[in-house]
S.K.: 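Mind having a look at this structure? Questions to follow.
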Amino acid sequence: MRLSRSLIPTLKETPAEATIASHRLMLRAGMVRQEAAGIYAWLPIGLRVLSHVARIVRAEQDRAGAQEILMPTIQPADLWRESGRYDDYGLEMLRIRDRHERDLLYGPTNEEMVTDLFRNAVRSYRQLPQSVYHIQWKFRDEVRPRFGVMRGREFLMKDAYSFDLDYAGAVVSYRRMMLAYMRTFQRLGLRAIPMVADTGPIGGDLSHEFIVLAPTGESEVFYDAAFEAIDWTGDDYDLFSSEQLEQFYTRMTGIYAATEDKHDAQAWARVAPASQRQGRGIEVGHIFYFGEKYSRPMGLTVAGPDGAPLVPHMGSYGIGVSRLVGALIEAHHDEAGIKWPDSVAPFRAAILNLKQGDATTDAIAERLYSALAPDALYDDREERAGVKFADADLLGHPWQIIVGPRGAANGMVEVKRRLTGERVELSLEDALTRVCA
RNA sequence: CGGGGCGUAGCUCAGCCUGGUAGAGCAUUGCGUUUGGGACGCAAGGGCCGAAGGUUCAAAUCCUUUCGCCCCGACCA
């Protein structure tokens with residue numbers, strides 16, 4: 001993309017409404033614009049990041065055997081009357097009436113609809129287990145939206161649903177999804193820690209929140225440093241071996257981690273002092289096992305081996321995709337701007353032509369751009385060097401290739417790593433090799 | 001939903017108390033000088049002062065109503 005003709009409205013000053021780092025930086029970097037309380041338009045830079053996050057989420061869901069579908073944002077109220085949630089959900093649900101006076105709603109989640117899909121399409125126990133997911137916009141009419149996309153009313157969520165024949169099967173699905181989540185967050189460049197969450201009326205211990213560590217997070221967390229040492233993306237655990245999933249789960253839940261309200265001083269005391277870590281975190285995912293809560297009232301059954309109907313056990317698994325964009329910034333920024341992890345950066349590199357209109361720098365910048373496009377943002381504006389440096393740091397591309405008149409005369413450019421601030425002068429070819437490595 | 005605050009130029013804000021021709025900085029456009037970390041000078045464009053009623057000779061300013069947004073708290077991917 002050429003910056004001179006892009007919708008990337010960076011701001012030098014912070015808009016008054018933004019108080020936390022990610023909100024401030026998303027507005028300053030021109031990633032989003034607010035349209036109403038908790039409702040945002042995503043501009044090119046923001047959308048690229050959102051897509052990259054979704055891509056990783058999708059890849060790990062696919063790898064865990066979940067099937068991608070796409071359910072609508074608008075749902076018929078009757079479905080929710082079947083589960084009883086049409087009345088229970090309260091004012092957070094946005095209710096709509098169409099021209100025929102039919103009651104509709106903008107979906108805050110999809111348990112009812114996915115249960116409906118399965119009851120209409122799945123007949124036999126031999127078709128289970130299965131799980132599906134979609135990445136779709138949700139609407140929850142929050143009393144107080146805030147913190148930009150971290151708590152919007154409209155947000156992009158990945159929600160997955162598992163269908164198993166019995167509790168034992170559901171447990172395996174649950175653990176598989178937990179492993180998929182650990183891999184997802186690690187690939188995104190985040191340190192996420194699962195913490196036991198309230199299960200509500202279902203009971204049991206099968207509900208976890210995933211807390212991403214970020215200095216500006218909302219809740220205080222305590223955890224064992226052992227979490228930091230584990231590489232979940234490796235092949236240590238087979239997603240399709242229930243034994244290995246059990247090992248994974250045992251290991252994971254054997255390490256101490258708790259949010260402030262569930263903090264257990266006695267258990268904490270047993271963690272070696274050198275391994276005690278305290279920080280702040282943001283909830284970016286939540287997984288539940290809820291058994292027959294929807295399948296039974298909505299009449300989802302499959303024929304069992306003996307012909308008798310079986311009621312599948314379900315689970316649901318959410319990741320706040322748009323919230324993750326905010327969480328990523330909370331975890332990766334400095335005074336100058338965002339420091340994107342390579343895996344989600346809007347562009348791999350920015351090309352800074354410090355003297356636009358100069359034949360030599362123009363030629364070099366164009367060559368770099370054609371070699372790196374479409375994964376590079378070419379700052380071809382007629383701006384002073386300082387403006388380009390500041391915007392590049394703000395937008396947070398992992399790499400900056402600085403083309404200035406001094407080096408250009410000798411065929412040299414400067415490569416800056418945003419993460420470390422390290423800069424080296426290199427030939428064109430070496431610069432490309434370095435950035436593409 | 002309780003408590004607090006704010007709506008004036010694209011952004012940050014002053015002006016309001018004490019009514020009298022709508023302002024500054026940044027941004028934008030043009031010209032000139034500059035040119036490796038958010039330059040300087042000159043000039044220009046840009047506003048139904050959130051909206052509607054009212055008081056007044058006169059309202060951004062006072063009164064009433066209303067809409068929107070933000071912050072703190074209780075609740076949530």
Side-chain angles (χ1 to χ4, degrees), chain A residues 7 9-20 23-24 27-28 30 33-39 53 57 89-93 107-110 133 135-160 181 185 192 197-198 200 207-212 218-219 261 282-288 316-327 335-337 352-358 361 379 381-394 400-409 412-414 416 421 423 425:
Chain A
L7 189 58
T10 57
L11 303 172
K12 199 154 127 186
E13 289 174 283
T14 300
E17 71 263 25
T19 52
I20 65 162
H23 190 196
R24 226 163 43 222
L27 292 170
R28 285 197 53 216
R33 280 295 166 99
Q34 179 170 326
E35 297 297 341
I39 299 178
V53 171
V57 169
Y89 215 92
L91 293 171
E92 279 203 5
M93 186 155 76
T109 177
N110 285 65
Y133 73 98
I135 297 175
Q136 176 63 291
W137 292 93
K138 304 291 188 293
F139 194 93
R140 294 183 191 173
D141 199 357
E142 295 270 350
V143 191
R144 178 150 104 84
R146 66 189 120 162
F147 305 146
V149 301
M150 297 265 282
R151 173 142 329 153
R153 289 192 292 172
E154 189 184 50
F155 58 96
L156 189 61
M157 179 164 116
K158 185 286 300 180
D159 40 324
Y181 272 37
F185 296 127
D198 287 323
S207 176
H208 285 84
E209 299 178 336
F210 291 78
I211 308 285
V212 151
E218 302 165 74
S219 41
D261 40 323
I282 301 161
E283 183 185 352
V284 292
H286 203 154
I287 60 180
F288 303 89
S316 75
Y317 314 89
I319 289 181
V321 177
S322 47
R323 171 179 285 188
L324 270 171
V325 175
E335 310 71 42
L352 278 52
N353 185 346
L354 296 192
K355 196 168 184 186
Q356 199 70 39
D358 176 277
T361 60
D379 191 344
R381 295 174 301 173
E382 298 199 6
E383 288 287 355
R384 297 169 65 83
V387 174
K388 298 194 179 194
F389 288 135
D391 273 348
D393 285 348
L394 174 62
Q400 296 172 18
I401 307 181
I402 300 155
V403 184
R406 288 201 312 242
M412 302 292 276
V413 297
E414 204 170 345
K416 173 177 169 181
R423 308 161 73 135
E425 194 169 28

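Here is how names work: the chains are called A, B, and so on, in the same order as the sequence lines, proteins then strands, and each is numbered from 1. Scope of the values below: all heavy atoms of this structure, side chains included, with no hydrogens, waters or symmetry mates.
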S.K.: Between B:G2 and B:G47, how many Å separate the two C1' atoms, rounded to a whole number?
M.R.: 37 Å

S.K.: Considering only atom P, compute the distance from B:C71 to B:G53 and round it to an integer number of Å.
M.R.: 32 Å

S.K.: Please identify which of these residues, A:Val321, A:Asn110, A:Ile135, meets the side chain to side chain contact (heavy atoms under 4.5 Å, CB included) condition with A:Asp159.
M.R.: A:Asn110

S.K.: Under 4.0 Å between any heavy atoms, over every strand shown, what does A:Val284 touch: base, sugar-phosphate, or nothing? Just pick one.
M.R.: sugar-phosphate

S.K.: Pick the C1' atom in B:A60 and in B:C13, then give their distance to the nearest Å.
M.R.: 15 Å

S.K.: Separation of A:Asp379 atom CG from B:G37 atom P, in whole Å?
M.R.: 15 Å

S.K.: Determine whether any donor atom in the side chain of A:Arg140 lies under 3.5 Å from an acceptor atom in the base of B:C76, or the reverse, and answer yes or no.
M.R.: no

S.K.: Could you measure between the two C1' atoms, the one in B:G25 and the one in B:A39, and give it in whole Å?
M.R.: 15 Å

S.K.: B:A77 P sits how many Å from A:Phe139 CZ, rounded?
M.R.: 16 Å

S.K.: If you compare every side-chain N and O of A:Gln34 against the phosphate oxygens of B:G68 (OP1, OP2), does one of them come in below 4.0 Å?
M.R.: no

S.K.: Measure from the side chain of A:Lys12, starting at C-beta and using heavy atoms only, and say which of B:G38, B:G36, B:A77 lies closest.
M.R.: B:G38

S.K.: A:Gly285 near the nucleic acid: base, sugar-phosphate alone, or nothing, with a heavy-atom cut-off under 4.0 Å?
M.R.: sugar-phosphate

S.K.: Start at the 5' end of RNA chain B and walk down; is the nucleotide closest to A:Thr19 or to A:Gly407 reached first?
M.R.: A:Gly407

S.K.: Would you indicate what A:Ala36 reaches in the nucleic acid, counting non-hydrogen atoms under 4.0 angstrom: base, sugar-phosphate, or nothing?
M.R.: sugar-phosphate

S.K.: Do A:Glu218 and A:Arg151 sit within salt-bridge range, that is, some charged N less than 4.0 Å from a carboxylate O?
M.R.: yes

S.K.: Among B:G37, B:C70, B:U34, which is the nearest nucleotide to the side chain of A:Lys416?
M.R.: B:G37

S.K.: Nearest to the side chain of A:Phe288 - B:A77, B:C69, B:G36?
M.R.: B:A77

S.K.: Could you tell me the Watson-Crick or G-U partner of B:C69, where both distances fall under 3.5 Å? Say none if there is no partner.
M.R.: B:G5

S.K.: B:C26 C1' sits how many Å from A:Glu383 CD, rounded?
M.R.: 13 Å

S.K.: Will you find, in the side chains of A:Asp379 and A:Gln356, an N or O donor that is under 3.5 Å from an N or O acceptor?
M.R.: no

S.K.: Classify the angle between the aromatic ring planes of A:Phe185 and A:Tyr181 as parallel (below 30°), tilted (30 to 60°) or perpendicular (above 60°).
M.R.: perpendicular

S.K.: Counting neighbours of CG on A:Leu91 that are heavy atoms of other residues, nucleotides or ligands and sit closer than 6.0 Å, is the number greater than 12?
M.R.: no

S.K.: B:U35, B:A74, B:A77: which one has an atom nearest the side-chain heavy atoms of A:Met157?
M.R.: B:A77

S.K.: Write down the distance separating the C1' atoms in B:A22 and B:U35, rounded off to the nearest Å.
M.R.: 37 Å

S.K.: Once you round it to whole Å, what is the distance between C1' of B:C76 and CD of A:Glu154?
M.R.: 17 Å

S.K.: Rounded to the nearest 0.5 Å, how far apart are CD1 of A:Ile402 and OG1 of A:Thr361?
M.R.: 13.5 Å

S.K.: Among B:G25, B:A77, B:G37, find the nucleotide with the atom closest to the side chain of A:Glu142.
M.R.: B:A77

S.K.: With the six-membered base ring of B:A77 as reference, does the ring of A:Phe155 sit under 5.5 Å away with planes under 30° apart?
M.R.: yes

S.K.: Using whole Å, what does the distance between atom C1' of nucleotide B:A77 and atom CH2 of A:Trp137 come to?
M.R.: 13 Å

S.K.: Rounded to the nearest Å, what distance is computed from the CG atom of residue A:Leu11 to the P atom of nucleotide B:A9?
M.R.: 15 Å

S.K.: Using atom P of each nucleotide, how far apart are B:C31 and B:C17 to the nearest Å?
M.R.: 44 Å

S.K.: Are the side chain of A:Ser316 and the backbone of A:Ile287 linked by a donor-acceptor contact shorter than 3.5 Å?
M.R.: no

S.K.: Under 4.0 angstrom, heavy atoms only, what part of the nucleic acid is A:Gly152 near: base, sugar-phosphate, or nothing?
M.R.: base

S.K.: Where the side chain of A:Arg146 is concerned, which of B:G36, B:C75, B:C72 is the nearest nucleotide?
M.R.: B:C75

S.K.: Rounded to whole angstrom, note down the C1' distance from B:U64 over to B:U28.
M.R.: 40 Å

S.K.: Give one of base, sugar-phosphate or nothing for A:Glu17, where a contact means two heavy atoms less than 4.0 Å apart.
M.R.: sugar-phosphate

S.K.: Under 4.0 Å, counting only non-hydrogen atoms across every strand here, what does A:Ala385 touch: a base, just sugar-phosphate, or nothing?
M.R.: sugar-phosphate

S.K.: Which base, if any, makes a Watson-Crick or G-U wobble pair with B:C42, both distances under 3.5 Å?
M.R.: B:G30

S.K.: Which part of the nucleic acid does A:Arg28 contact within heavy-atom distance under 4.0 Å: base, sugar-phosphate only, or nothing?
M.R.: base

S.K.: Considering only the P atoms, how many Å lie between B:U8 and B:G15, rounded to the nearest integer?
M.R.: 14 Å

S.K.: With both distances kept under 3.5 Å, what pairs with B:A24, Watson-Crick or G-U wobble?
M.R.: B:U12

S.K.: If pairing requires Watson-Crick or G-U wobble contacts with both distances under 3.5 Å, which nucleotide is the partner of B:U55?
M.R.: none

S.K.: Would you classify A:Pro405 as touching base, sugar-phosphate or nothing, given that sugar-phosphate means primed atoms plus P, OP1 and OP2, and contacts are heavy atoms under 4.0 Å?
M.R.: base

S.K.: A:Pro9 versus A:Arg33: any side-chain heavy-atom pair under 4.5 Å?
M.R.: yes

S.K.: Which whole-number value in Å describes the distance from A:Ile319 CD1 to B:C76 C1'?
M.R.: 17 Å

S.K.: Quick one: A:Lys355 NZ to B:G37 C1', roughly how many Å, whole number?
M.R.: 17 Å

S.K.: Both A:Arg423 and A:Glu35 contact RNA chain B. Which one's nearest nucleotide lies toward the 5' end?
M.R.: A:Arg423

S.K.: Among B:C26, B:C76, B:C1, which nucleotide sits nearest the side chain of A:Arg323?
M.R.: B:C76

S.K.: Below the 4.0 Å mark, does B:C71 have OP1 or OP2 next to a side-chain nitrogen or oxygen of A:Arg144?
M.R.: yes

S.K.: Looking only at heavy atoms, which two atoms of A:Pro15 and A:Arg28 are closest? And how far apart?
M.R.: CD-CG, 4.4 Å

S.K.: Determine the contact category for A:Asp159: base if any of its heavy atoms lies under 4.0 Å from a base atom, sugar-phosphate if only primed atoms, P, OP1 or OP2 are that close, otherwise nothing.
M.R.: nothing

